[in-house]
Each structure stands twice: as C-alpha cells, then as structure tokens.
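What follows is a set of notes on a single structure, which appears directly below.
Every chain is numbered from 1, with letters handed out A, B, ... down the list of sequences.
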2 protein chains.
Amino acid sequence: MKIIEVDEELYQYIASHTQSIGESASDILRRLLHLPSLNIRSVALDLSDKTENIDRSLSLQQETASIYSESTVNQQTIQPQEEIVTQQVQVVERAEPDTELDVSKQSDAADLMILLDTPEFKQESKAVVRFLTILSGLYKLNNDAFTQAIRSENVQGRTRVYFAQDEQTLLDAGNHTKPKQIPDCPHWVITNNNSGRKMIMLEGVMREMGFDEKTIDYVKNAFVADN
Amino acid sequence: MKIIEVDEELYQYIASHTQSIGESASDILRRLLHLPSLNIRSVALDLSDKTENIDRSLSLQQETASIYSESTVNQQTIQPQEEIVTQQVQVVERAEPDTELDVSKQSDAADLMILLDTPEFKQESKAVVRFLTILSGLYKLNNDAFTQAIRSENVQGRTRVYFAQDEQTLLDAGNHTKPKQIPDCPHWVITNNNSGRKMIMLEGVMREMGFDEKTIDYVKNAFVADN
DNA sequence: GAAGGGATCGCCGGGATTTTTC
DNA sequence: CCGAAAAATCCCGGCGATCCCT
C-alpha cells in the first residue's frame, strides 16, 4: 500500500462516492477511474439483484451487464458469504414501493438505466421531454447531490443561468429561455437551446453529481437516441 | 491535505498520468476524474485561509457575472470616491507588529504560492482568468503596495493605460482595450493583449510591489502553465 | 410570455497574430 | 531603415436566442 496526499475537497469527493460500507479509497478510486477492481466488487451483483426485483426486460439486463463488464472481467477471487447475505437483505428492503428519498448510491446507475430503458422513454420523440425526464430521474436518485450539482458554475452559461429554484431567476438571466419546471422536483431548467446544449447540460449535472464516465455516456446515448 | 492509502498498482497508474513536473496526486486525480474546476475567484478571496469551506451558492453567480458582464455601465460594486477611506480603514486593520510594504516576506510569498498551487488555478485554461486571479491575489496580499504599484510608469503602455480605478480611464486611453475589473479589488485592468504582455504586466506590478525575483519567476511560470 | 420544439445563425469573448509606432 | 515594443485586428470556438418548422 502506498500513501498519497489529496486536498480536502478531493478527499470529500472520493469519500462521497463510497458505495458500500468499509470501502477503501483504492476501491472507490478504481471504480471512478474504471480500473478493474482487485477485490470482488459488488456492483454487478447489485445490478442483477435489482433487476429481478424490479422485473424489467432482459435486454436491459444485458446492456447493463456489458456496461459494467470491465469491472468484472478479471475477478478471480470470490468474496465471503457475508456479501451475499447483505445483498439479499437489500433486496428484501427494496421490495416495497420505493417512495423514500434516500436512494442508496449503489443503485444509482441501475435505477437510471431502468428509467431510460422503459419503452415510454425510448418512444418519446421530443428532446425536451427526454431532457426533463432524465433530470427528474437524477433528482429523484439523489436530491441533495442534484441540488448541489446545479449550483456549480459548470452548469451555467456565459450569461444565462441554466438551473434555479424558481422561474424568475432564469427569466432574469436571459431572453426567451423558456424555463420549465423539472417534473417532481423543486427546480427549474431553461429549455430554449438545441439538443447539443441540452446534452452538455445533462453531462455537466451528472459529472457534478459524481456519476462515472460510463454511466454518463450511457445516459447521453439514451438522450440522443431519436426514433 | 488529507492522506489516503492506495494500492501499489493504482499508485503506479496515478503516477504514470503525471502531465507536468511536480504535479501533486490531487492534481492528477482531479484531471483523471474530470473534476470541474472550482471558482477561481472564491479561491482568491480565500487566499489566507484556504482550507475553510466556501459557500459558492450566491456570491459565485455575482462574481462570475461581474467578470464576464459586458454591461459594466450600471455596476456599482466599487465606489472610487471612497477609495481612500477604504484604504485607510484597511491600513488600520492591518496595523499589527509586522505590517510593512515589503512584500517579499516569506509568508506573503507563501500565500501567493498556495493560491497558484491550487488545482483550481492550475486547471484554469483561460489566461485572462489566471491573469485576473493573480492580480486579485496580489491586491489581497497588500492592497496599499498594489495600489501604489499600478500607478508607476513601469506598468503603463506607450499610449494605453494598463490599470485604473475606473473603466473609463482605460477606455479613453486606447481602442478595444477590453477592461475588466480585478475580482475583489477596486481596480481595473486592460485585457486585450497577448499572454506575453499580460506576463509583462504581472511582472511589472510585482516588481513595483517589491517581490523578489524568485517569487516573480514562480508566478510567471504559474501564469504561463497552460494545459 | 404564451404554441412548442429546437436547428441554425450570429454575436461575443479569448488571445495569437498582424499591424503600427517609436 | 531596421528592430523592438506596443496596439489592435481578426480568427476561432462557444453560447445565446432568433426564427423556421411542426
């Protein structure tokens, strides 16, 4: 083991991306950097558990699996039984209708993919709707992270303000921005821009929220997919 | 600074992504993680106490707006007329045993280096922002020395005026000089020149302020470093 | 402010490059 | 007239919002 020094904020960033209790800095960093894990990782397991639980299509299962395949490729060591037990507990807990606010970090990516995989979403032809739906999903996944993310300067324009808690702020910062409230969310977004910019906005928010690049890519693709 | 433990292989991975000599682990990781740069302006504000948490929510927008805003006409953030009064108050505030104009003191130089060492600064791609940030930092370090320094003939152009307490002075002395207010500082600088000239301007101010050559060199390097 | 969506086009800022001055 | 220093033009990339299409 090596010791490295990281600044306070980066430390917080890393710590905040803990996905399972007791995870080491290495584990977290490896996940964020898309490096293969040394220890068995539970992400793949989690995904499949969740899959059964939520009863979704097979195709998504495959997609999801392939997306994370990198992290499962060279995993030779198998983790103790405890791991599995934990998983089962989680499944049970999640078996009830999910109305609670604190969605465990672990399932962020999966929840998001489930949302984007619904026929309703895929069928949706309007970019604004897909845009708003994704934002709404992001908020629901982790409203604190989302609320923090949209404050970042990285999701602001040169003169326009992209996100705010109220319509007026957005109206004041630009002309004809066409603000819309994000569904089931206290925040507003501006809407009068092309799809490219909408994608940039999504990307910015997700990056701020700490999603890894793979997931961000997945969402971007889902957003773009027009049929 | 926080200490974290990473496994050998991950350590090698991070180290192998060094892009500039002397880069810290934090810098490298921030780049690899696509961590958004923070608001440079607030860093400058926070020069003397950089570990403290920064509230970026409200002040950020305003600061950013003032920097990029083109309609500087109705900006009344700073009042030139009361300038002298303000200065005097600050003198009194600074009236501690070792208050001098000699800026070459270790601690001041160190403060400056701390600012330039932040990943936020290093990651800043725009020369103007780095330029303004450094000037802001210089002012913060010793506003009297700074205010005196920019009056010197050595920081004026042949026809252009480089620094002034108000935009108009700069506008009057040249065409398309693109003056900008230095963040958290009552003074303005012109901005429409290449990076070489910006560096000459920094150098001039610092020399006038009494920085030693080593520190000046350090700052020049930090300013130039572009990635 | 009310039709709505969003691609297209034009403006703006950054700063290297070119032009001008001494 | 040449070289150096300063000034300012101008190109490029990014963002805003107009305006065309549905």
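Taking atom CG of residue A:Asp172 and atom C1' of nucleotide D:dG16, one finds them 17 Å apart after rounding to whole Å. In this structure, B:Glu203 atom CD and D:dA5 atom P are separated by 12 Å, rounded to whole Å. The CZ atom of A:Phe131 sits 17 Å away from the P atom of C:dG4 (whole-angstrom rounding). The CE-P distance, from B:Met201 to D:dA5, rounds to 17 Å in whole Å. The distance from atom NZ of A:Lys198 to atom P of D:dC15 is 15 Å, rounded to the nearest whole Å. Rounding to whole angstrom units, CE of residue A:Met199 and P of C:dG6 are separated by 14 Å. Nucleotide C:dA3 holds its P atom 16 Å from the NZ atom of A:Lys126, rounded to whole Å.
Proximity of a side-chain donor or acceptor of B:Lys180 to a complementary backbone N or O of B:Val189 within less than 3.5 Å is not detected. In terms of modelled atom types and a separation under 3.5 Å, the side chain of A:Arg130 and the main chain of A:Ser125 share a donor-acceptor contact.
Nucleotides C:dG1 and D:dT18 place their C1' atoms 16 Å apart, quoted to the nearest Å.
For the residue pair A:Thr215/A:Asp212, the side-chain donor-acceptor check at 3.5 Å is satisfied.
In this structure, A:Lys180 reaches the C:dG5 phosphate: one of its side-chain N or O atoms is under 4.0 Å from OP1 or OP2.
Residue B:Ile200 is out of contact with every strand shown, counting any heavy-atom pair closer than 4.0 Å.
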### Task
Sugar-phosphate means primed atoms, P, OP1 and OP2; the rest is base. With that split, encode nucleotides 7-13 of chain D 5' to 3' as B, S or - using protein heavy atoms under 4.0 Å.
SBB----
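Ring-plane geometry between A:Phe146 and A:His187 is classed as tilted, the angle between the planes lying from 30 to 60 degrees on a 0 to 90 degree scale.
Nearest-nucleotide mapping onto DNA chain C: of A:Glu167 and A:Val128, the residue sitting toward the 5' end is A:Glu167.
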